[in-house]
Amino acid sequence: MTYQKLKGTPDFLPEDTNKWQYIEQNARKLLSRYQFKEIRTPIFEQFELFARGVGETSDIVSKEMYDFYDKGERHVALRPEGTAGVVRAFVENKLYGPEYPKPMKFYYIAPMFRYERPQKGRMRQFHQLGVEVFGNPNPSTDVETMVLAMDMFKSFGIKNLKLVINSLGNTASRTAYRQALIDYLEPQMASLSKDSKERLYKNPLRVLDSKDKKDKEIVKDAPSILDYLSEESMKHFTSVKESLEALDIEYVVDSNMVRGLDYYNDTIFEVMTEDPNFGSNTTVCAGGRYDGLVKEVGGPETAGFGFGIGLERLVMLLDNMAFDYPEVDALDAFIVTIGKSTDKEATKLAYALRKNGLNVEREFLDRKPAKQFKTADKLNASYVFTLGENEIVNGTVNVKALATGEQITMDLNELYTAQTNDLLTEIEARLKK
Ligand code: ATP
Ligand code: MG
């Protein structure tokens, strides 16, 4: 019997986790600058939460959920997206209360699960970096959050991205538009794909989102939702566009863009790549405003805005530009041992150096010094500490900087009694003298 990972699920090996850790560290720094706070919610929740929150007619709920009954006959599902769980936590923990700042700004970096046909950039377990802002109807929130999404990609030096925006208006705008769209599509019903036929009356806006070629042709000349916006929604959208222009952020309006999740209103957006390696899955970030969702999930009327970045697709963008990932846990010191009698001393030295904040690896196999130096090189160590029999007698250790070849002798006792978190700076200073 041999075992294989399930289709569409990833093993992240150390070379991968270095990438992911670097991306997460970098992302967290930027999120701090925007003052988003991390929230961690469960990987599985009541099925009903997603059905309600994401929308029964969405592909996610109707086709892609990993749902099952647990031993207590509860209908549960692995989360297919992050927003519903965060909204549930917001409501359940009463984070709308007067003691909390407004708006409340959250982020998560977490695995999501969807039963999809796996392909490049489309996994069954994938990862999203998402943010949610609660309690702020101000269009400036839309802008600040979209700018954060763009900044996230810029912070990795990613170019050739397009910010695409649209407005879905408020409920009244959507109801008026919905009818106009049905009136337009009805006469062409016979030519629509099976999926779109089904959606025509249930959720006609989703027909605009169809990936079917013929549907796309038909939809091209459909009425524009922007002609059906209420005065208030129009004002909101204009304000968003003006602020983007004031920040010199380029964008395009695509009035046929709708989102796969049903809970959005007013501003929605996608960040798309023009990277030719991407094929048809070109959306790397998607989000928008969802002022009705908190209430839908049982909370008080609360405005919401959020987005999700597909991290596998971010990694693909970085790989395609041959991004040079810094090592997140770079090796500071490798201890070379010459002669069996140095083994115990190496243990002591490694312990002391680690206590002083260094990342340390050491020789365990008593190999020839040249081999050990090769290993140190391969592991990209900054310094090699060499312990030979002479050094032990003298109570010293030879310290060599691999980048420059410079060497000094340090006193072992001094290192054992040192109490500094800045030993590296100390070594550097001595090497310079
Ligand atoms: P698509 O139209 O590509 O299926 P979606 O509308 O289902 O996208 P969202 O639910 O908005 O996507 O998720 C936000 C982002 O998460 C997407 O833009 C994409 O980058 C990423 N994403 C979605 N599904 C997957 C998946 N199965 N594997 C990897 N990344 C994904
Ligand atoms: Mg999808």
Side-chain angles (χ1 to χ4, degrees), residues 6-10 12 16 20 23 27 50 53-55 57-66 77-87 107-132 145-146 149-150 152-153 156 158 161-166 168 195 199 203 205-212 215-216 254 256-264 267-275 277-290 293 304-320:
L6 292 172
K7 218 165 111 181
T9 64
F12 291 139
D16 306 308
W20 285 79
I23 288 171
F50 300 115
V54 181
T57 63
S58 65
D59 279 358
I60 293 180
V61 172
S62 61
K63 297 183 189 153
E64 299 172 355
M65 288 273 263
Y66 270 97
L78 303 187
R79 66 176 166 215
E81 56 93 55
T83 303
V86 176
V87 170
Y107 78 86
Y108 55 84
I109 300 175
M112 306 294 160
F113 307 86
R114 293 185 195 177
Y115 193 76
E116 303 209 62
R117 202 161 56 80
Q119 47 189 291
K120 214 170 157 206
R122 191 171 291 284
M123 299 284 287
R124 287 183 173 171
Q125 175 175 330
F126 65 102
H127 300 77
Q128 281 187 348
L129 183 165
V131 311
E132 319 291 347
T145 314
M146 291 193 286
M150 293 306 278
M152 191 59 80
F153 294 102
F156 294 99
I158 297 169
L161 291 177
K162 207 163 65 171
L163 173 63
V164 185
I165 64 171
N166 190 23
L168 297 178
D195 275 352
R199 284 179 185 141
N203 194 348
L205 266 70
R206 294 295 315 284
V207 176
L208 299 176
D209 203 21
S210 169
K211 286 179 177 118
D212 181 272
D215 288 352
K216 278 186 170 172
D254 176 358
N256 272 352
M257 182 174 75
V258 294
R259 299 279 330 118
L261 320 185
D262 287 345
Y263 48 61
Y264 289 108
T267 317
I268 57 168
F269 76 102
E270 290 191 6
V271 181
M272 301 179 89
T273 170
E274 275 149 5
D275 189 326
N277 294 311
F278 258 65
S280 62
N281 298 325
T282 54
T283 302
V284 291
C285 171
R289 182 165 279 285
Y290 51 81
L293 187 58
F305 196 98
F307 66 68
I309 292 178
L311 289 179
E312 276 73 8
R313 293 186 198 174
L314 174 64
V315 170
M316 274 167 68
L317 283 174
L318 293 172
D319 285 350
N320 290 345

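Order of appearance sets the numbers: ligands from 1, and atoms from 1 within every ligand.
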**Q** Could you tell me whether ligand 1 has any atom less than 4.0 Å away from a heavy atom of Met112?
**A**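 No; Met112 lies far enough from ligand 1 that no heavy-atom distance drops under 4.0 Å.
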**Q** Tell me whether the count of non-hydrogen atoms from other residues, nucleotides or ligands lying under 6.0 Å of OH in Tyr66 goes above 12.
**A**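 It does: Tyr66 OH has more than 12 such atoms within range.
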**Q** Should Thr283 be counted as touching ligand 1, given the test is an N or O pair under 3.5 Å?
**A**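 Indeed, backbone or side chain, Thr283 has an N or O that close.
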**Q** Please give me the minimum heavy-atom distance between Pro118 and Lys7, naming the atom from each residue.
**A**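 Looking at all heavy atoms of both residues, the shortest contact is CD-CE, 3.9 Å.
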**Q** Under a 4.0 angstrom heavy-atom cut-off, which atoms of ligand 1 come close to Gly121?
**A**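 Those qualifying, in numeric order: 28 (N), 29 (C), 30 (N).
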**Q** Going by the closest heavy atom to atom 15 (C) of ligand 1, which one wins out of Gln128, Arg313, Lys211?
**A**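 It is Gln128 whose heavy atom sits nearest to atom 15 (C) of ligand 1.
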**Q** Within the structure, does Gly308 bring an N/O atom to less than 3.5 angstrom of an N/O atom in ligand 1?
**A**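 Between Gly308 and ligand 1 (N or O atoms, distance only) the closest approach is not under 3.5 Å.
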**Q** Only one of Trp20, Phe113, Tyr108 clears ring-ring contact (aromatic ring centres under 6.0 Å, His included) with His127; which?
**A**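 Considering Trp20, Phe113, Tyr108, a ring-ring contact (aromatic ring centres under 6.0 Å, His included) with His127 is found only for Trp20.
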**Q** State, to 0.1 Å, how close Val258 and Leu205 come at their nearest heavy-atom pair, and which atoms those are.
**A**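 The answer is CG2-O, 3.4 Å.
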**Q** Among Arg114, Glu270, Arg124, Gln125, which residue places a heavy atom closest to atom 10 (O) of ligand 1?
**A**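 Heavy atom nearest to atom 10 (O) of ligand 1 belongs to Arg114.
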**Q** Any salt bridge linking Asp215 with Arg199? Criterion: basic side-chain nitrogen under 4.0 Å from a carboxylate oxygen.
**A**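 Here Asp215 does not pair with Arg199 in a salt bridge, since their nearest N and O are not under 4.0 Å apart.
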**Q** Give the atom numbers and elements of ligand 1 that come within less than 4.0 Å of a heavy atom of Ala286.
**A**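 Once the distances to Ala286 are compared, the set is 11 (O).
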**Q** At a 4.0 Å threshold, what atoms of ligand 1 neighbour a non-hydrogen atom of Met123?
**A**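 So the atoms of ligand 1 that pass are 26 (C), 27 (N), 28 (N), 29 (C).
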**Q** I need the single residue from Glu116, Arg124, Glu81 that forms a side chain to side chain contact (heavy atoms under 4.5 Å, CB included) with Glu64. Which is it?
**A**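 Result for side chain to side chain contact (heavy atoms under 4.5 Å, CB included) with Glu64: Glu116.
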**Q** Within the 4.0 Å heavy-atom shell around Glu116, which atoms of ligand 1 are there?
**A**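 Near Glu116, meaning under 4.0 Å from one of its heavy atoms, ligand 1 has 24 (N), 25 (C), 26 (C), 27 (N).
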**Q** Sub-3.5 Å donor-acceptor pair from the side chain of Arg289 to the main-chain atoms of Thr267, do we have one?
**A**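 No, Arg289 side chain to Thr267 backbone: no donor-acceptor pair under 3.5 Å.
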